[in-house]
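This one's a predicted model, so the numbers in the text were calculated from it and none came from an experiment.
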Amino acid sequence: MMKKFIAIILSLVIALTGIFLASKLLEPKYMSGILEGAMIQEYYDDPTDHNVVFIGDCELYENISPVYLWENYGINSYIRGSAQQLIWQSYYLAEETVKMEHPDVIVFNVLSMKYNEPQNEAYNRMTLDGMKWSSSKVNSIKASMTDEENFIDYVFPILRYHSRWSDLSAEDFKYMFHRDKVSFNGYYMRVDVKAAENVPEGRPLADYQFGDNSYYYLDKLTKLCKENDVKLVLVKAPTLYPYWYDEWDQQIKDYASANGLDYINFLELQDELGLDWSQDTYDGGLHLNLAGAEKLSDYVGNMLTTEYGIPDRRDESALNEYWDKVIERYNAEIERQTTNIKLYGTVHGPEEQ
């Protein structure tokens with residue numbers, strides 16, 4: 001009887017180990033190409049307590065540099081950003097954040113208010129797969145799934161990714177149990193330049209009203225921050241497209257006024273920021289490059305210091321030790337991308353093309 005029991009246990013252990021290893025092998029690694037899928041997970045490796053946490057889509061993680069905020073203002077910050085991050089995903093990331101630490105300020109980019117329904121599994125995965133399991137992740141999955149998705153596929157990724165067998169590469173084996181850092185406290189860096197030319201105008205919409213579901217989660221985010229004594233600041237990044245309609249802007253202004261929040265539309269501050277759209281974007285105005293991101297970061301750092309009283313923590317040895325390592329990687333990446341541009345005309349080296 002005992003031998004049979006042990007045999008059953010061993011069989012279960014072997015089966016579960018096999019499923020675990022297969023899942024680790026088959027899941028996307030995001031170590032080349034689309035790096036954004038690796039960014040959410042990196043937050044858990046930062047052991048410091050952040051005074052400012054930015055939460056939102058690419059309009060934050062490509063446009064603000066926490067390294068610049070630290071070096072010039074001593075602000076300890078992190079960007080919990082991901083591609084096409086929907087507002088309910090932002091809410092649950094904020095909920096998880098305030099369970100893990102107590103930032104003074106959460107900055108939320110409002111572009112995602114235009115999405116009222118789940119959009120795309122690939123983008124969902126880039127936000128949800130990197131989250132640690134918690135009630136926040138469970139609820140975010142439930143809020144995000146399209147009609148074609150199943151919750152069980154998030155619990156057992158092998159069910160979703162089993163067809164990747166034929167696409168496995170050396171990267172899948174190399175990064176089976178670890179990941180390299182792809183961001184700098186959540187910031188995705190690009191140093192190249194592609195001037196903003198022929199920026200498309202916004203097309204007339206049949207309905208400019210943000211949806212009820214979007215407002216439901218914006219209300220929850222507002223309530224979450226108020227109940228946890230965290231200052232919530234709404235922002236619109238200064239990017240030229242996707243187009244930000246005046247009607248959308250007015251709705252955010254009205255919401256901020258009604259709820260006692262600050263709303264800063266950086267599109268209206270482009271001259272004050274000193275943005276030069278012939279030099280400060282790498283993709284024609286969709287995102288800022290490093291030069292543009294550091295200009296915006298300078299404005300944001302000054303604002304956070306003077307208007308929100310965020311302290312300068314550069315006298316803390318533990319933080320300096322942490323940031324020295326981030327800055328070392330940051331400068332090395334600037335040099336790597338700059339060298340690649342000179343050699344190959346692109347930030348990507350031959351191994352990435």
query = What residue pairs, at least two apart or across chains, pass salt bridge (Lys or Arg N to Asp or Glu O under 4.0 Å) with a residue in residues 29-43?
reply = Lys29-Asp172
request  = Write out all pairs satisfying salt bridge (Lys or Arg N to Asp or Glu O under 4.0 Å) with one or both partners inside residues 126-147, taking only residues at least two apart or from two chains.
outcome  = Arg125-Asp129
ask   = What do you reckon, is CD of Glu335 surrounded by more than 12 foreign heavy atoms closer than 6.0 Å?
value = no
key: Interatomic spacing from CG in Asp262 to CG in Leu234 - rounded to 0.5 Å   = 8.5 Å
task = Compute whether any side-chain donor of one residue and acceptor of the other, for Asn185 and Tyr322, lie under 3.5 angstrom apart.
result = yes
message = If the condition is ring-ring contact (aromatic ring centres under 6.0 Å, His included), which residues does Tyr299 pass it with, not counting sequence neighbours?
response = Phe266
key: Separation of Asn109 CG from Ile64 CD1 (nearest 0.5 Å)   = 8.0 Å
key: Test side chain to side chain contact (heavy atoms under 4.5 Å, CB included) applied to Thr17 - qualifying residues, sequence neighbours left out   = Val13, Leu21
Residues 111-118 side chain polar contacts: donor-acceptor under 3.5 Å, at least two apart:
unit_1	atom_1	unit_2	atom_2	d
Asn116	OD1	Asn213	N	2.9
Asn116	OD1	Ser214	N	2.9

Lys223: partners by side chain to side chain contact (heavy atoms under 4.5 Å, CB included), with sequence neighbours left out = Glu227
request  = Decide if atom CZ of Phe5 counts as having more than 12 heavy atoms of other residues, nucleotides or ligands within a radius under 6.0 Å.
outcome  = no
task = Check whether more than 12 heavy atoms from other residues, nucleotides or ligands sit under 6.0 Å from atom CG of Asp229, and answer yes or no.
result = no
query = Is the number of heavy atoms from other residues, nucleotides or ligands under 6.0 Å of Arg190 CZ greater than 12?
reply = yes
Cation-pi check, Arg80 onto Tyr44 ring (under 6.0 Å, within 45° of axis) = yes
request  = Mark yes when over 12 heavy atoms from residues, nucleotides or ligands other than Lys226 sit less than 6.0 Å from its NZ; otherwise mark no.
outcome  = yes
query = For Gln250 and Asp246, does a side-chain donor sit closer than 3.5 Å to a side-chain acceptor?
reply = no
request  = Assess whether atom NZ of Lys174 is packed by more than 12 heavy atoms of other residues, nucleotides or ligands within 6.0 Å.
outcome  = no
message = More than 12 heavy atoms of other residues, nucleotides or ligands under 6.0 Å from OH of Tyr215: yes or no?
response = yes
key: Residues in side chain to side chain donor-acceptor pair (under 3.5 Å) contact with Asp280, at least two apart in sequence or another chain   = Lys295
inquiry  = Could you work out, with side chain to side chain donor-acceptor pair (under 3.5 Å) as the rule, every residue matching Tyr187, not counting sequence neighbours?
reply    = none
Residues that Tyr255 engages under side chain to side chain donor-acceptor pair (under 3.5 Å), provided they are two or more places apart = Asp219, Thr222
message = My understanding is that only residues two or more places apart in sequence, or in another chain, count here; which of them pass side chain to side chain donor-acceptor pair (under 3.5 Å) with Gln279?
response = none
query = Counting heavy atoms not belonging to Leu159, are there more than 12 under 6.0 Å from its CG?
reply = yes
ask   = Is a side-chain donor-acceptor pair under 3.5 Å present for Asn302 with Tyr73?
value = no
ask   = Knowing that exactly one of Phe210, Tyr263, Tyr243 qualifies, which makes a ring pair (Phe, Tyr, Trp, His ring centres under 6.0 Å) with Trp248?
value = Phe210
Distance-only check: which donor-acceptor pairs under 3.5 Å involve side-chain atoms of residues 197-206, not counting sequence neighbours?
none

key: Donor + acceptor pair across side chains of Ser169, Asp167 (<3.5 Å)   = no
task = State whether a side-chain donor-acceptor pair under 3.5 Å links Ser140 with Gln89.
result = no
query = Does any donor atom in the side chain of Glu171 or Ser32 lie under 3.5 Å from an acceptor atom in the other side chain?
reply = yes
note = Hits for side chain to side chain contact (heavy atoms under 4.5 Å, CB included) against Arg314, two or more places apart or cross-chain, chain-then-number order -> Trp70, Asp312
